[in-house]
*Asks:* 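Please see the structure below; I have some questions.
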Amino acid sequence: MLPAKSRKALLASQLLFENTTIFSVSSSSSASAAAAAAPLFSRVNLNNQQFFYFFHYSYSTAHAIPIQHLSFNYKDVVQSFKEWFQRKNPDYLDRVFEILSSQDEVDEIALSKLGLRLTESLVLDVLYHGNANNDVLSCLKFFDWAGRQRGFYHTRATFHAIFKILSKGKLMPLMLDFLDNYKGSRFVHNKCGYGFYGTLVIGYSVAGRPQVALQLFSKMRFQGLDLDDFAYHVLLNSLVEESYFDAADCIAKQISLRGLENHITHCIVVKSLCKQKLLDEAESYLRRVILHCDGCSHGDAVGVIVDAHCQNGQFDKAGQLVEEIRELELVPMEPAYSLWLKNLVQAGKIDAALEFLQRKKALECYIPGAFRYNALLWRVLKENRLAEACDLLMEMMESGVSADEVTFNAALCFFCKAGMVGVALELYNCKSEFGLSPSSMARNYLINSLCEEGNVDEAYSVLKNCTEPGYFPGSRTLSILADGLCREGKLNMMKELVSFSLERNFKPSDSLYNKFISALCRAGKVEDGYLMQGEFNRSNRVATKTIYSNLIHGFNKLNKGDIAARLLIEMQDKGHMGTRTLFRAVIRSFCNMQNPETQFFKLLDVQLSSHEPNRQIFNFFIDGAGHAKKPELAREVFDIMQRSGIEPNLSSDILMLQSYIKSERIYDALNFFDDLRHRRKVGRKLYNTMVGGLCKVNRVDHALEFLREMRSNGVVPSVECYEELIKLLCSNKQYEMAVNVIIDLEKAGRHVTSFIGNILLLHSLGSEELYDAWVQVSKMQNEISPNIYALGQLIGLFSGRVRLTQQIDNLEEVIEQCFPLDLYTYNILLRRLSMSKMDDALELFDRLCQKGYAPNRWTYDILVHGLLKHGRTDEAQRWLDEMFRKGFDLIHGSNQFL
């Protein structure tokens, strides 16, 4: 029979051969090819086992197939895992712990009705089950109840088991109290199934108090009593653990003199030598006892030395020792293999651990326990090695390794990482059937994955139904969930989430409050956001500037400028600087209210009284009044600034000038500009303000006049100035003047920008007038530069006056000689090509994607309309579907054609 690895490769090859077409679409193929090939993915129909083989192949090759393209029965995968996760404990164990955990006092009648026949084995089963589930209190209750039942006496094994449970971490004081009470009691040892002193020696040894255990041992010897072999070895091990090596040597000699020496003694001696860093002596000792004693019992001792070598960083030596001992064929190697795997995983040597596991499994049928599998599984998951994680889960399932809570949580995380959140959710919902509890990490992964898939309702349900005490999602998970709820407009859920956090004494972060308040403002529930901000302030925290900004803009939209102004002042009192944008928004809101002047100057007075009067505050108010088209208010602030002894700066003059132009008070703007000529030297910024502002209010004649004045005064206009003027001239169909301005732009040393080039090409598509104007102006010029000539040819090409003979690549090169291409340029070029050469247009689409451009709504709309005009309806429908998948809608009503 083929090894598992070979079987996986064979099955993956068969699947690949049967479904060859699914790999026909390369990563660089066009969207049209991908859309045409998409239905082929549905051919991959896999059952449960095939799915895992195919998953391994897909994630371990360069041609990984997205999980959503695999068609398989989720129910089969879920069912196989449900069967694996079913607890294998006898029914009576679950019933015992239901009774023990139902109330503070033990329900002795309910326990008696179970009809349990108390034996050492049954008590140990109950204690081990409780320990595995960290239910210490129930273990203590049962231990106490069993000890009081007639005919049953606790044994050394049951005492040792309860001591081991109590010795964990914070329970150590409880155990010591138990032992002290037990030692001081008048307990008669002959009533106990195991000796009084022997019990105490074991207890204090397990509790890490070997010095007390030695004192009790001396009392026993004084009374003529002795320990049995079990207690001797517990004491010896405790002495070694606490590094009492001299005392340990003495106890080891006592064990040897009494003939109690066995493989446990040898293992503890090896551990003692290793703790003393005497690794060579430990190896020599171990080889001696293996050759002269029964080697079949010394597997644990080999593991101790392997572990010691690894802890000292001697991995090569540890690996050699493992192989040397294995070749002797005298010692069971499972303990050594287990510790070797543990250390490889802890050291991050994952490839070595996986290779070792597969080799030993194939050659020696070695199957590690769930603990080792789980450690390796979590490590590969942490590194996102999903193919290896899939392998490990399969091996555990096929090898009959019992899944525990750690395995369950690892499986949940695996399915989330692999994009199979549906499987993870169903297994999570069945957790009560398994008797397993998801960890915080697994829950966080599940919530995050559900949010990523847009299933925020389920994600919120997972969080809300987490009733286990102490669980609360991490800040990142909470942030992701909050993002999803706000994005989907689930504001009631978001409000519950904040309350849920506060009930658990968890203060939501500033970011979470910011997202919530922002979402409330976007939804028009600004008052609710204001109440939430008040709750935030009452928790002695300072709201962020973003929170204040969102609330201010929200109240401005409701024309409640008085509340917005109050928030602006409060924001400044909290230490945040007011911005020009916020002042502008508040002032514009004032101007939509009754008596705007009163509110306006009231806010100005507050600012001047709260802060030292400065030019920036005055500029903010001039700017706000200008955008509100209240130039008279702006001028009054301008005059107040001068009366306050603050000289207006260039920004003040520009803002005042803009306030006149925005309100189309052109006469006032011209007068103010004339005043400026006497006050300061008029430079490029003031000229650009006039030209750009006049263009925006469609005063092209005045704008041209100022442009000529700039050029005659030796001032070079800005590129933005030329752009606004050319845009206005083209919109007004003053094409000859636009061409003259472009020629002037080149003479001024400026270059044609993408914006200007795109404007010219767009108008060329609509009519031939721009090209005719270009020809007319060109005839009147003595000399035309190559760039201007090439630009004219482009205009002729796009207007249809020049035939399109160039290849697409050459056409792009021609455009690039005239101005830099951007996505807008490509869209215009697509529009031109789709009129006559649709295949060339599709080819251009592929190339713009390869160059890193992200197609937008216009790009898809142009292709859909172009295909429809050419009668290629099926292709148009596929592109329309692709467009909708990208989240875009048609710009024009193309649905009537489809």
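Residue numbers run from 1 in the order of the sequence given.
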*Asks:* Any chance you could lay out the side chain to side chain contact (heavy atoms under 4.5 Å, CB included) test for L704 and V741, step after step, and finish with the verdict?
*Replies:* CA-CA 9 Å; L704 284 169; V741 171; 4.2 Å; yes
*Asks:* Does some side-chain heavy atom of R801 sit less than 4.5 Å from a side-chain heavy atom of I795?
*Replies:* no
*Asks:* Are any side-chain N or O atoms of S663 and backbone N or O atoms of Y660, one a donor and one an acceptor, separated by less than 3.5 Å?
*Replies:* no
*Asks:* Who are the ring-ring contact (aromatic ring centres under 6.0 Å, His included) partners of Y824, not counting sequence neighbours?
*Replies:* none
*Asks:* Please check: side-chain N/O of K545 versus main-chain N/O of M577, any donor-acceptor pairing under 3.5 Å?
*Replies:* yes
*Asks:* So, for A748 and V716, which heavy atoms are closest and what is the spacing to 0.1 Å?
*Replies:* O-CG1, 3.9 Å
*Asks:* Just to verify, what does N856 make a side-chain hydrogen bond (donor to acceptor under 3.5 Å, both in side chains) with, not counting sequence neighbours?
*Replies:* N827, T859
*Asks:* Does any pair with a residue in residues 613-632 pass ring pair (Phe, Tyr, Trp, His ring centres under 6.0 Å), and if so which ones, sequence neighbours excluded?
*Replies:* F583-F620, F583-F621, F600-F621
*Asks:* Assess, by modelled atom type and distance only, whether the side chains of Y826 and K851 contain a donor and an acceptor separated by less than 3.5 Å.
*Replies:* yes
*Asks:* Just say parallel, tilted or perpendicular for the rings of F888 and Y860, cut-offs at 30° and 60°.
*Replies:* tilted
*Asks:* Between I563 and K560, is any pair of side-chain heavy atoms under 4.5 Å apart?
*Replies:* yes
*Asks:* Return a table of donor-acceptor pairs under 3.5 angstrom between the side chains of residues 773-781 and protein atoms on other chains or two or more places apart.
*Replies:*
residue: S778; atom: OG; partner: W774; partner atom: O; Å: 2.7

*Asks:* Determine whether a donor-acceptor pair (N or O, by modelled atom type, separation under 3.5 Å) exists between the side chain of N649 and the backbone of S652.
*Replies:* yes
*Asks:* To the closest 0.5 Å, what do you measure between CD (E636) and CG (L604)?
*Replies:* 9.5 Å
*Asks:* Please check: side-chain N/O of H865 versus main-chain N/O of D861, any donor-acceptor pairing under 3.5 Å?
*Replies:* yes
*Asks:* Does K495 have any salt bridge (charged side-chain N to carboxylate O under 4.0 Å, His left out) partners at least two apart in sequence or in another chain, and if so, which?
*Replies:* none
*Asks:* Report the residues that fulfil salt bridge (charged side-chain N to carboxylate O under 4.0 Å, His left out) with E570, sequence neighbours left out, ordered by chain and then residue number.
*Replies:* none
*Asks:* Just to verify, what does K515 make a side-chain hydrogen bond (donor to acceptor under 3.5 Å, both in side chains) with, not counting sequence neighbours?
*Replies:* S479, D483
*Asks:* What are the two closest heavy atoms between L890 and F884, and how far apart are they?
*Replies:* N-CE2, 4.5 Å
*Asks:* Look only at the side chain of N713 and the backbone of V715, and say whether a donor-acceptor pair between them is shorter than 3.5 Å.
*Replies:* no
*Asks:* Does the side chain of V637 come within less than 4.5 Å of M656's, by heavy atoms?
*Replies:* no
*Asks:* State whether the side chain of R487 and the backbone N or O of A482 hold a donor-acceptor pair below 3.5 Å, judged by distance alone.
*Replies:* no
*Asks:* With a 4.0 Å cut-off, would you call R847 and E812 a salt bridge?
*Replies:* yes
*Asks:* Could I get the full list of side-chain hydrogen bond (donor to acceptor under 3.5 Å, both in side chains) partners for K525, not counting sequence neighbours?
*Replies:* none
*Asks:* CG of L603 to CG of D562: how many Å apart, nearest 0.5 Å?
*Replies:* 11.5 Å
*Asks:* So, for P717 and N688, which heavy atoms are closest and what is the spacing to 0.1 Å?
*Replies:* CA-OD1, 3.8 Å
*Asks:* Run the ring pair (Phe, Tyr, Trp, His ring centres under 6.0 Å) check on F673 and F706 step by step: do they pass?
*Replies:* CA-CA 11 Å; F673 193 83; F706 275 99; 5.2 Å; yes
*Asks:* Taking atom types as modelled, find out whether N514 and T546 have a side-chain donor-acceptor pair closer than 3.5 angstrom.
*Replies:* no
*Asks:* Does a side-chain heavy-atom distance below 4.5 Å link K630 with K662?
*Replies:* no
*Asks:* Looking at side-chain heavy atoms only, is the closest gap between V526 and L520 below 4.5 Å?
*Replies:* no
*Asks:* If you count every heavy atom of other residues, nucleotides or ligands that lies below 6.0 Å from D674 atom CG, does the total exceed 12?
*Replies:* yes
*Asks:* If you take all heavy atoms of L481 and V456, which pair is closest and at what distance?
*Replies:* CD1-O, 4.4 Å
*Asks:* Supply the atom-to-atom distance S731 OG to N698 CG, rounded to the nearest 0.5 angstrom.
*Replies:* 8.5 Å
*Asks:* May I ask you to check whether over 12 heavy atoms, not counting those of R584, lie within 6.0 Å of atom CZ?
*Replies:* yes
*Asks:* Work out which heavy atom in D653 is nearest to a heavy atom in P648; give both atom names and the distance.
*Replies:* OD1-CB, 4.0 Å
*Asks:* Does some side-chain heavy atom of V691 sit less than 4.5 Å from a side-chain heavy atom of E724?
*Replies:* no
*Asks:* Can you list every pair that meets side-chain hydrogen bond (donor to acceptor under 3.5 Å, both in side chains) and has a residue in residues 744-759, with sequence neighbours left out?
*Replies:* R711-D744, Y722-D744, E723-T753, E746-S785, N758-D822, N758-T825
*Asks:* Heavy-atom distance under 4.5 Å between the side chains of L791 and Q817, does that happen here?
*Replies:* no
*Asks:* Distance from Q607 atom CD to K602 atom NZ, nearest 0.5 Å?
*Replies:* 13.0 Å
*Asks:* So which heavy atom on S718 is nearest to which on R684, and how close?
*Replies:* N-CD, 4.4 Å
*Asks:* Any Lys/Arg nitrogen of R885 or E882 sitting under 4.0 Å from an Asp/Glu carboxylate oxygen of the other?
*Replies:* yes
*Asks:* Should S767 and S799 count as side-chain neighbours, where that means a heavy-atom distance under 4.5 Å?
*Replies:* no
*Asks:* Nearest 0.5 Å, please: how far is CD in Q533 from CG in D528?
*Replies:* 13.0 Å
*Asks:* Please list, chain by chain and in numerical order, all residues satisfying side-chain hydrogen bond (donor to acceptor under 3.5 Å, both in side chains) with E709, sequence neighbours excluded.
*Replies:* R677, Y687
*Asks:* Would you check, one step at a time, whether the test ring pair (Phe, Tyr, Trp, His ring centres under 6.0 Å) holds for F601 with F590?
*Replies:* CA-CA 10 Å; F601 288 109; F590 281 160; over 10 Å; no
*Asks:* Looking at S589 and G561, would you say the former's side chain and the latter's main chain have a donor-acceptor pair under 3.5 Å?
*Replies:* yes
*Asks:* So, using ring-ring contact (aromatic ring centres under 6.0 Å, His included) as the criterion, who are the partners of F819 when residues are at least two apart?
*Replies:* none
*Asks:* Please confirm whether the ring centroid of F798 lies under 6.0 Å from the ring centroid of Y771.
*Replies:* no
*Asks:* In plain terms, say whether R635 and D668 are close enough for a salt bridge, that is, a side-chain N and a carboxylate O under 4.0 Å apart.
*Replies:* no
*Asks:* Are the side chain of R665 and the backbone of P631 linked by a donor-acceptor contact shorter than 3.5 Å?
*Replies:* no
*Asks:* Rounded to the nearest 0.5 Å, what separation is found between the CD atom of E664 and the NZ atom of K629?
*Replies:* 6.5 Å
*Asks:* Do S651 and N619 get their side chains close enough for a donor-acceptor pair, meaning under 3.5 Å?
*Replies:* no
*Asks:* Begin from the C-alpha positions of I547 and M571 and carry the test side chain to side chain contact (heavy atoms under 4.5 Å, CB included) through to its verdict.
*Replies:* CA-CA 10 Å; I547 290 178; M571 182 189 82; over 6 Å; no
*Asks:* Quick one: salt bridge (charged side-chain N to carboxylate O under 4.0 Å, His left out) partners of E496, sequence neighbours excluded?
*Replies:* K464
